[in-house]
Amino acid sequence: MTASREILDQMRREPANIRFNDLKKVCEDYSGKPRQMGSSHAIFKTPWASDPRINIQDSKGKAKVYQVRQVLLD
């Protein structure tokens, strides 16, 4: 969990420079394995009712900035 906390700190400081695999690791640590894993998308189930999923996308090895911000909000 320490590595996830370091990644979260980096996400808050610099959301435009996050690797997809780092974002995926944070999502897996907090939500478990993705319920769907496609070629460039991973969809994670969340425990709250408002929007019960997080969809992240690999963009040439990087995470998309708006998706990093969504994960931080949730």
Side-chain angles (χ1 to χ4, degrees):
M1 200 60 102
T2 305
S4 290
R5 289 177 195 228
E6 291 172 6
I7 295 168
L8 281 169
D9 289 340
Q10 182 183 3
M11 288 167 58
R12 290 182 186 106
R13 284 190 316 267
E14 204 173 354
N17 195 22
I18 302 298
R19 290 180 292 177
F20 174 76
N21 286 334
D22 288 343
L23 182 62
K24 184 177 165 202
K25 178 178 177 13
V26 169
C27 289
E28 285 178 345
D29 285 349
Y30 288 95
S31 299
K33 294 285 182 191
R35 68 176 188 175
Q36 179 180 348
M37 183 73 180
S39 59
S40 64
H41 289 261
I43 300 173
F44 293 89
K45 186 174 180 167
T46 58
W48 46 87
S50 63
D51 190 3
R53 62 184 160 26
I54 293 176
N55 181 9
I56 61 173
Q57 183 178 7
D58 187 353
S59 179
K60 299 178 184 173
K62 294 285 194 172
K64 296 195 175 218
V65 177
Y66 78 93
Q67 292 171 345
V68 171
R69 290 185 179 131
Q70 284 177 341
V71 169
L72 287 171
L73 288 175
D74 295 333

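Just the heavy atoms: all of them, side chains too, but no hydrogens, waters or symmetry mates, feed the values below.
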Original post:
In terms of hydrophobic clustering (I, L, V, M, F, W, Y; side-chain heavy atoms under 4.5 Å; direct or indirect links), are Ile43 and Ile54 co-clustered?
Top reply: no

Original post:
Considering all heavy atoms of both residues, which atom of Gln10 and which atom of Asn17 are nearest to each other, and what is their separation?
Top reply: NE2-O, 3.4 Å

Original post:
Distance-only, no hydrogens or angles: does the Gln67 side chain make a donor-acceptor pair with backbone N or O of Gln57 under 3.5 Å?
Top reply: yes

Original post:
Going from CG on Asn21 to CG on Asp58, what distance comes out if it is rounded to the nearest 0.5 angstrom?
Top reply: 7.0 Å

Original post:
How far does CZ of Phe20 sit from NE2 of His41, to the nearest 0.5 angstrom?
Top reply: 9.0 Å

Original post:
How would you list, by chain and number, every residue that makes a side chain to side chain contact (heavy atoms under 4.5 Å, CB included) with Glu28, sequence neighbours excluded?
Top reply: Lys24, Lys33, Pro34, Phe44

**OP:** Any chance you could measure Cys27, atom SG, to Asp22, atom CG, to the nearest 0.5 Å?
**Re:** 11.0 Å

Subject >> Val71 vs Met11, side chain to side chain contact (heavy atoms under 4.5 Å, CB included): CA-CA, chis, key distance, verdict >> reply: CA-CA 9 Å; Val71 169; Met11 288 167 58; 3.9 Å; yes

Original post:
Do Leu8 and Leu72 come within less than 4.5 Å of each other through their side chains, counting heavy atoms only?
Top reply: yes

Original post:
How would you list all residue pairs meeting salt bridge (Lys or Arg N to Asp or Glu O under 4.0 Å) that involve residues 9-18, not counting sequence neighbours?
Top reply: Asp9-Arg12

Subject >> Arg69: side chain to side chain contact (heavy atoms under 4.5 Å, CB included) partners, not counting sequence neighbours >> reply: Pro15, Val65

Original post:
What are the two closest non-hydrogen atoms of Val68 and Ala63, and how far apart are they?
Top reply: CG2-CB, 3.8 Å

**OP:** Looking only at non-hydrogen atoms, find the nearest pair between Gln70 and Asn55 and report the distance.
**Re:** OE1-O, 4.5 Å

